[in-house]
Every structure is written in C-alpha cells, then in structure tokens.
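First comes the structure, then the notes that go with it.
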Amino acid sequence: MTGTLLLLLVLAPLAAAAGSLLLRRARAAEYLNLGASIIAFAAAVLLLAPSSRHSFVYWHRYILLDAPGAWTILCTAAVYLLSSIYAVGYMRLLDEETRLPRFYALFATFAFTMLCGPLMNSVGVYWIAIELTTLVSTFLVGFELGRESIEAAWKYIIIVSAGISLALLGTILFYWGGSLVLGPTYNMTWAVLRDNASRINPMLLNLAFLLVLVGYGTKVGLAPMHTWLPDAHSEGPAPVSAMLSGALLNTAILGIIRFLAIADAASPSLMPRVVLVAFGVFSLFVAALFIVRQEGVKRLMAYSSVEHMGILALGFGFGGPLGVAGALYHMLNHSLNKSLMFFGAGNVMRRFGTKQMPQVHRVLNRLPVTGALWLAGAVAITGAPPFGLFLSEVTIMRAGLLTPNRWAVFVMLLLLIVIFIGFLNHFRQMFFSDKGGSALPGQQLNAWCVAPLWIALVPILILGFWWPAGLWHYFSVAAHQLAGGTP
Amino acid sequence: MLITHLNPLAASLFSLLAIVSLLLSFVMLGSRWLRDYLLAFMLESWLIGLLSAAVGYFDHYRELYLIALLTVIFRGMLLPYLILRIIRRLDVDRELHVVLAPSSSLVVGALLVIFAFMVASRLGAQLGLTGTVAVLALTVMLSMKLIGFLMLAVRHEAISQILGLLVLENGIFLGSQILVPGMPLLIELVILFDLLVVVVSFSVLVRYLLAHVGSTSSRELKRLVG
C-alpha cells in the first residue's frame, strides 16, 4: 500500500512531463500537470499516516520513507499543487503559447526531482537528486529568455553547482571516515552513518559536516551563500519562483538536518549546532538589511525566503523536540505562505506591468481581492498573529531559550522586528500611498490566478489558531526518527 | 583500505600522478589563454583516468577500470571537444579582463596549497596516517578544490567558469580514487552528471547569445544587484 502510494507520488509528475512533450498542446499540458499535482498531493497526504508509525525502506535500501522526509514531501506537493493551479492562469498571460508544453514538461520534471530527493536513503544518491533539481530548474529560471532571466540562470547554475560540489567533498569524507571503521565498501545510508558515527574520528567528521553544511547551505540559500537566490527567484515566472522558494529550499535543508543528526550521534560537541545557528542568524541579518531597502517586488519575497530559511536553520540548530517541531511546522507554513506571496506578486506585476514597487500604488483599487489576500499574506509572513507562522516562530524561540545558544533568540527577535517593519512598510507604500510613478497599463487577471491565493491563505489562518494534537505527535516521531530511536 | 600498507611502487605512482595533476591546475591558473586551460584540463582528466586504472590494478577493484574508461572518454575527450567547439564558435581565446594577474594568482594558489596541506596533515595525524599517500591525496583534493574556487572568483569568461567548475570536481575525483576506491556507484554517476551540468550551462549560454549577441564575459552579467 505504502509502496504503491510512493510510486504514484513520483510517477504522476513524470507521466505528466512525458505527456506534455508527446501531446505538444498547451491546454493538454496544463491539465495533465494539474492532474499530476493533485495525485501527488493526495499521495503525499496519505503517506503521512504510515510514516508516523515507523520508517520504511524499499528497493535494496535505496528508498527511505520516514517522518521528516514525508513531511518535506507534503510541503513540496502542496506547493506543487498550488503552483500548478496558478500556472494555468499565469502562464496564459505570458503569451508564450507554443513553448508552454515544454514549460510544463520541465515544471513536472522539477516537481519529480524534488519529490525524489527526500526519499533517497543513500547519502550519495541524495546528492545526485539535489544536483538534478538544479539542472532542471535552471531552464525554468531562464524560461522568459530576457537578459535578466539568462543572467539569473547563469548565476544560479554556476554558484549552486560550485557550492554543491563542496557537499560532494563532504559526502566523500563521510564515506572515508566510515570506511576506516566499516571496511572499504559499504552501503552508505543515513542510518549506517548515524549508527557508526561515534566510531568515526571526530575531527574528520566535523570537517565533513562543515563542508556539507556550506554545500547544501548554498542550495538552501543561507547567507552568505545566498547570492544566487534573489536573482533566480525574481527572474523566473511566478509559479516557478513559488516552487523554488516553497519547495526546493526545504528539500535541501532536509539533507542538512540529516547530517546534523549524524554529527549529533558522533559526539556531544556543540560545534555543528553553533555553526548552524550562526548561519541562521547571519541569514536573518542579511535578509533584514536587504528587505528594508528593496525595490523589486519579487526580490523582496526572495529575501524573505532567505529570512525564513534562516529561521528554519535556527529551529533545527536549537534542536530538541520543541525546536524540530517548531521548524517542521514553520516549513509547512512558510511553503504555503511564500507561494501566496509569489502568486500575489505575480498578479501585481501583471496587472501593473512593472516589477518595481515604487511604481505600484493603490493596489486595492485595481485588485481588490488579490490585494486583500496578498496584504493578509504579508502580515502573516512577517510573523504576526493570528497566522501559523507566528505560532511556529514562537515555538522556535521557546526551543532556543532552553539551549546554550540563548543569545541567538534575542538577536532573532530583534531582526524579526526590523524585518516586520521593513517588509510592511513596502506594503504600506504599495497599498495606501498616493505617491509614486505613473501606473502603466496592465493585463486583466483570470480566476485561475486568484483561486490559489485563497487556497493558501485559509490553511495558514487555521494553522494559526489550531495546532492539531496529531501534528505534535507527528513532529515528536520525526525528531525521534532523526535521532535514530524508535518511537 | 590498503593505504597504510601499500607497496612502495604503487604509492610513488599514485603520488606522482596526484602531484602532476596539481601542477596542471597551476598551469591553468598561470595562463590567460582559454586553449591552455582546456589542454591542461584534458591532460588532468587523462591522468585521473590513469590513476583510477592504477588504483584498480594495485588495490584489485575491478569497477575502477570502468571509471577510468568513463573518465577518459567523457572528461578527457568529449567535454574538451565540446568546449573547444564553443571556443571556436564564440571566437574568444583569452581572458580580456583580469581581476588578478596570472602571476599573483599563482602566489595565491601556492598559499592555498599550503593551507590545504596544513589541514590535511593535521587530519592525517589524527587518523594515524602521517606520511602515507592519504595525506597527499587529501592535500591535492583540497588544493584543487580551492584553486577551482579561485578560478571561479577571478575569471570572468564563461568558458573559464565552466572549466573552474570542472577543476573543482577533478579534485574530488582524484582524491576519492585514492581515499575511497571502494565507494559504490557514486563516482560513475557523478561523471555522467558533470556532462549534464556542462551541457546545461552551455545551452543557457547559447540561449543567452542567441537572445543578445554580444560578450560572453560574466562581467556583462551585472544587472541584478541588491
């Protein structure tokens, strides 16, 4: 049963990709992709229940389904579903009818690679899956073929490939460390490394962990390795930006937390956690600086992603059941909310015909529904109550107060306030200020472009009021499984 | 792991190949001509292929012969050929704008090697491997990594950046042949993957050229800031 669901999960997007290439019709490709995303999402939801009981391995131990992995997959599938709905409306506005089948083929393949990543049990194959996501998404970032899009795609592939090659080096050092204990040839899975970590030389392990952290950190967009992120996120079409931000970054951070569990199992040394927390704080700091002075609307959202990846790094870095629970909860909230923000930004860009925030004003006059939803989303993403992100951020801070890294909580709080003011100030100018450049003529939006905003906002609101008890249990199982125990 | 009791002939052969590969990355660092980079990279890949075969022979790993073959075919022949074609088509043959003169980059490169050696020898001492070929392999692996990053940082021509990426990975290959010859599957896959990376970066590049005929220097790619 679980195996069938897994197959459905990964094969649906792949089939949609093949179908769009074969049929070569824009409309057919749209609906194929939409159908695949619905199937993938349903499968991801159904996979939660079995993964909360124990973890599964399949296919010569190459495939692993555990609670943290299933949760990441759920976030990915949710963003894939929302983006697929949105893409139907948005991509029609781009006037690229003939290239749409190719777009949807790439889009579905991108979703496929991201759904595969968390399932990889072999540390090396996980690296390959992450590298694959980069390769596929480069084309999506450069899809619009403008000068800036190509620039963004170029930076993306060069910086991320260079960064991730460090993760490969780290992976090889992990293998080497293991081979001194287990013999030259063994199957390097997460569990094998974790169980033998205490016998591996701690200095080698620390070096390997740092390399892996910097490597996958590049992909996650932790500052100062984030430099590709604002470009790639702002230059791709809006549904792609949502997928990059809401789904891709989570897939990469999962690798970091699995390596963190290995480093934890090795020694009680605090170094790995302190480094992760420091990266998190620095990401928040950089994001705060750039959010305050930002002019591009999608770049603003991109820096907000750097901020939230920083918060996730802090949550996992603080650790403990509370930290992991807060961070996993935050992962879902951020995925939903950031999709909403990118969709809103895409709508505003289309309706006003500009990417520059100073040229956008009185949004509510032109876009009453999108505008209101987008504004609510902006309040949510800055961590204000009554939305889910408030709960998860408070949980992460509570977790932090219990650790030796208490200083980070105060810095985090301060930076979050700065970001709150800076971020919402841009929205104040866009919504309620009359000053600004003249409005350009824009396009009319259709219902496909507005519906996903509703679908994203309602769960964030519900999750803000009500943290289901089942989820607490699920997160504690996830924390247990990461640490190698059985619940 | 046979590193600790390797026969002297094998140890010196491995060391020789590793050191010559490291020297070749200095050749890349010291030149401004794209064709020199390419030749050095090609030679380096051949040496790494040879190293794989040698490790396979001395340590009795059959699958390393396959890796040697793949390395020579893909990294030693196919990639250089593809890159050569692009160089001809783009009509660029050298770095026009140097951030760091070749002579200074050589000095920086040397410092990086010293740093890599310090890290490697400390690690080797911890693991009780001082004086073995493992320390050398680790040094060369880390230095080629650092030199690759240096090339990425100071070179602007798109081709040099791609070659910089490939040097990063050559370092990993070289080190992993000696350190973890038994690692299953991964290296083969990575070799194929590199080809994909290069093909993808090329297609991005070519699309860029098609869209806006002009320079391929990444100095021109500076619109997205802040």
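In what follows, chains are A, B, ... by sequence order, proteins preceding strands, each numbered from 1.
Between A/Tyr175 and B/Leu179 the shortest side-chain heavy-atom distance does not fall below 4.5 Å. Between A/Glu131 and B/Val190, every side-chain heavy-atom pair lies at or beyond the 4.5 Å cut-off. Here the side chains of A/Leu173 and B/Val180 are not in contact, with every heavy-atom distance at 4.5 Å or above.
Note that CG of B/Leu142 is 7.0 Å distant from CG of A/Leu207, once rounded to the nearest 0.5 Å. To the nearest 0.5 Å, the span separating CG on A/Leu169 from NZ on B/Lys145 amounts to 5.0 Å. Note that CD of B/Gln161 and CD1 of A/Ile158 are 5.0 Å apart. Values are rounded to the nearest 0.5 Å. Here the CD1 atom belonging to A/Ile172 is positioned 8.0 Å from the CZ atom belonging to B/Phe173, to the nearest 0.5 angstrom.
Counting heavy atoms of neighbouring residues, nucleotides and ligands inside a 6.0 Å radius, atom CZ of A/Phe285 does not exceed 12 of them. Around CZ of B/Phe26, the count of heavy atoms belonging to other residues, nucleotides or ligands within 6.0 Å exceeds 12.
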Under the criterion side chain to side chain contact (heavy atoms under 4.5 Å, CB included), I'd like the reasoning laid out for A/Met203 against B/Leu127: C-alpha separation, chi angles, the key distance, then a yes or no.
CA-CA 9 Å; A/Met203 186 177 160; B/Leu127 295 169; over 6 Å; no
Please determine whether side chain to side chain contact (heavy atoms under 4.5 Å, CB included) holds for the pair A/Ile157 and B/Leu165, giving the CA-CA distance in whole Å, both sets of side-chain angles, and the decisive distance to 0.1 Å.
CA-CA 10 Å; A/Ile157 194 161; B/Leu165 271 185; 5.9 Å; no
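Here the closest non-hydrogen pair linking B/Leu168 and A/Ser165 is CD1-OG, 3.5 Å. Shortest non-hydrogen contact noted between B/Ala134 and A/Trp176 is CB-CZ2, 4.2 Å.
Heavy-atom pairs under 4.5 Å with chain B were tallied for A/Gly124, A/Ser161, A/Ala162, A/Ser122; the largest tally goes to A/Ala162.
Among residues two or more places apart in sequence or in another chain, the salt bridge (charged side-chain N to carboxylate O under 4.0 Å, His left out) test is passed with A/Glu295 by none.
Residue contact with chain B, scored on non-hydrogen atoms closer than 4.5 Å, involves the backbone and the side chain of A/Leu132 alike.
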